[in-house]
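Values reported hereafter were calculated over all heavy atoms of this structure, with side chains retained and with hydrogens, waters and symmetry mates removed.
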Amino acid sequence: MPANHRVLGAFLTMFGGACWGVSGCVGQYLFSTQGMQATWLVPIRLGLAGLLLCGYYLLRNPRQLFAPWKTRRNALDLVIYGVAGVSCCQFLYFLTIQLSSAGVGTILQDLSPVMILAVGCLQGHRRPRLYEIASIALALGGVFLLTTHGSLTELAISPAALATGVLSAVCVVIYSVWPKNLQRQYPTPMLQGWAFLMGGVLFHLVFRPWRYHYVPTAAGYLGIAAVVLIGNVLAFSCYMSGVKLIGPEKSSLYSFAEPATAALIATFLLGSPFTVWDALGFGCIFAMLVLLSMGARREQAAPSASVSAPE
């Protein structure tokens with residue numbers, strides 16, 4: 001892979017992660033200050049983002065927009081990627097934020113690299129390497145510290161927040177690993193548009209947000225615009241474009257920008273509590289990401305070194 005592709009892919013995934021972090025904090029503000037509910041916000045967020053992206057491609061290239069639905073495999077891949085991956089991830093992520101905070105939601109979602117690692121081991125029919133086992137231990141330790149604050153009998157966050165946060169990470173694995181076939185054929189933002197649109201329609205039917213009779217304030221409307229444009233259109237398009245360039249395993253390693261951004265904004269701007277236990281938990285997750293990244297780089301360098309070494 002050309003070096004410029006690796007650099008661009010790393011930048012896109014980090015920038016996409018940072019946009020998610022900003023979006024998560026905006027979501028926390030909307031839930032805590034504006035009185036919104038995830039079941040009201042997420043259907044509207046997904047629907048608006050889907051209409052924006054699909055509308056753009058409808059004007060630009062309508063034949064390409066509907067092309068994925070012409071074959072059974074592409075249609076099935078798009079539904080799984082869009083509904084089980086992108087849309088469910090969005091709902092579970094924002095529900096975790098509503099139940100806890102943006103920092104907790106993002107750090108639990110950042111367990112996805114370990115899960116992607118497990119999928120890679122299963123697909124490659126191999127055992128995890130030593131550094132991979134250590135990264136799994138760090139991830140589990142980080143989640144333990146974050147969710148229990150060192151207590152063996154009590155949780156620092158609700159069991160519901162823990163469950164939705166871990167499930168959101170599972171959804172990240174789905175939308176990172178599944179769409180390889182689709183991404184070889186179609187532009188990533190167009191696939192995102194269909195994913196958002198499907199999720200918006202589904203969650204409107206399930207949660208029926210019009211029953212809430214909720215009317216946002218001016219700040220609420222600005223927050224909705226931010227989570228749609230920054231958290232959906234920009235973040236997903238950048239992150240998935242990075243995945244297309246450098247693959248899901250490497251992309252997930254650069255997603256540390258998301259919890260870092262969310263933790264800083266939530267702590268210093270939104271006033272969320274940040275204890276020593278939280279810092280230790282975040283530190284374990286960051287160490288896990290660094291360890292996986294260093295191990296992946298060594299594995300990449302090893303083959304090239306063996307080829308170039310003199311006999």
- prompt: Does the side-chain contact (heavy atoms from CB on, under 4.5 Å) test come out yes or no for Leu12 and Ile246, once each step is laid out?
  reply: CA-CA 10 Å; Leu12 288 173; Ile246 61 177; over 6 Å; no
task: Determine, step by step, whether Val119 and Leu122 satisfy the side-chain contact (heavy atoms from CB on, under 4.5 Å) criterion, reporting the C-alpha distance in whole Å, the side-chain angles of both residues, the deciding distance to 0.1 Å, and the verdict.
output: CA-CA 5 Å; Val119 171; Leu122 290 174; 5.7 Å; no
- prompt: Going through the checks in order, is the side-chain contact (heavy atoms from CB on, under 4.5 Å) test met by Leu162 and Leu108?
  reply: CA-CA 8 Å; Leu162 176 60; Leu108 289 177; 4.2 Å; yes
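Side-chain contact check for Ile265 versus Gln28: every heavy-atom pair is 4.5 Å or farther apart. For the pair Val42 and Leu95, the minimum side-chain heavy-atom distance is 4.5 Å or more.
Tracing side-chain contacts under 4.5 Å through hydrophobic residues (I, L, V, M, F, W, Y), one reaches Leu140 starting from Met288; they form part of the same cluster. In this structure, Val86 is a member of the same hydrophobic cluster as Trp69, with clusters built from ILVMFWY side-chain heavy atoms closer than 4.5 Å. Residues Tyr214 and Ile44 are members of one and the same hydrophobic cluster, defined by side-chain heavy-atom contacts under 4.5 angstrom among Ile, Leu, Val, Met, Phe, Trp and Tyr. Under the 4.5 Å side-chain heavy-atom criterion for grouping Ile, Leu, Val, Met, Phe, Trp and Tyr, Leu130 is not connected to Leu138 through any hydrophobic cluster. Val166 and Val104 fall within a single hydrophobic cluster, where Ile, Leu, Val, Met, Phe, Trp and Tyr are joined by side-chain heavy atoms under 4.5 Å apart, directly or via other members.
For the atom pair Leu280 CG and Phe144 CZ, the distance stands at 11.5 Å (nearest 0.5 Å). In this structure, Phe31 CZ and Ser101 OG are separated by 12.0 Å, a value rounded to the nearest 0.5 Å. From Gln192, atom CD reaches atom OG of Ser241 across 8.0 Å, with rounding to the nearest 0.5 Å. Rounding to the nearest 0.5 angstrom, the gap separating the OH atom in Tyr212 from the CG atom in Leu41 is 11.0 Å. Of the inter-residue distances, the one linking Cys121 atom SG with Ile116 atom CD1 reads 12.0 Å to the nearest 0.5 angstrom. Between atom SG of residue Cys171 and atom OH of residue Tyr93 there is a gap of 14.0 Å, rounded to the nearest 0.5 Å.
At least one donor-acceptor pair closer than 3.5 Å links the side chain of Thr96 to the backbone N or O of Gly165. Between the side chain of Ser23 and the backbone N or O of Cys19, no donor-acceptor pair lies under 3.5 Å. Between the side chain of Thr164 and the backbone N or O of Ala161, at least one donor-acceptor pair lies under 3.5 Å. No side-chain donor-acceptor contact under 3.5 Å links Ser87 to the backbone of Gly200.
Between Gln109 and Cys89, the shortest heavy-atom contact is NE2-SG, 3.3 Å. Across Gln34 and Tyr29, no two heavy atoms sit closer than the pair NE2-OH, 3.0 Å. Leu145 and Cys284 get closest at one heavy-atom pair: CD1-SG, 4.1 Å. When all heavy atoms of Thr13 and Val243 are compared, the pair lying nearest together is CG2-N, 4.1 Å. When all heavy atoms are compared, the tightest approach of Leu78 to Met198 is O-CE, 3.3 Å. Contact between Pro43 and Phe203 at its shortest, heavy atoms only, is CG-CB, 3.6 Å.
Using the six-membered ring where Trp is involved, Tyr239 and Tyr175 have ring planes that are perpendicular, over 60° apart on the 30 and 60° scheme.
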Please tabulate, for the side chains in residues 181-191, all donor-acceptor contacts under 3.5 angstrom to protein atoms that are two or more places apart in sequence or on a different chain.
residue, atom, partner, partner atom, Å
Asn181, OD1, Gln185, NE2, 3.1
Asn181, ND2, Asn74, OD1, 2.9
Asn181, ND2, Asp77, OD2, 3.2
Gln183, NE2, Thr188, OG1, 3.4
Gln183, NE2, Met240, O, 3.2
Gln185, OE1, Asn74, ND2, 3.3
Gln185, NE2, Asn74, OD1, 3.2
Gln185, NE2, Asn181, O, 3.1
Tyr186, OH, Asn74, ND2, 3.4

For residues 47-67, please give each side-chain donor-acceptor pair under 3.5 Å, one per line with the distance, not counting sequence neighbours.
residue, atom, partner, partner atom, Å
Tyr56, OH, Arg60, NH1, 3.2
Asn61, OD1, Gln64, N, 3.2

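Remark: Trp178 CH2 is loosely packed, at most 12 non-hydrogen atoms of other residues, nucleotides or ligands lying under 6.0 Å away.
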